[in-house]
Amino acid sequence: MTANTVHDRLALARTTLTPTQVLSVLIAVAALGFTLVMFQEPTAHEAMHNFRHAAGVVCH
């Protein structure tokens, strides 16, 4: 069994994603980051934290 590394995932993304898809992801990540930075109310912060965990992002 081979390990599924970040390097492998990036290589796969380079060969399968179009520039438009990459741009869409970057815009979505930037929008989520902006929302998290601008809305520091505990409810908004907690919602974004939970969203990151649901999306599989390790944040701590």
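These numbers were taken from a predicted model, which means no experiment stands behind them.
Clustering ILVMFWY residues whenever any of their side-chain heavy atoms sit less than 4.5 angstrom apart, transitively, puts Leu10 in a cluster other than the one holding Val22.
Legend: residues meeting side-chain contact (heavy atoms from CB on, under 4.5 Å) with Thr18, ordered by chain and number and at least two apart, are Thr20, Gln21. A search for side-chain hydrogen bond (donor to acceptor under 3.5 Å, both in side chains) contacts involving Thr5 returns Asp8, not counting sequence neighbours.
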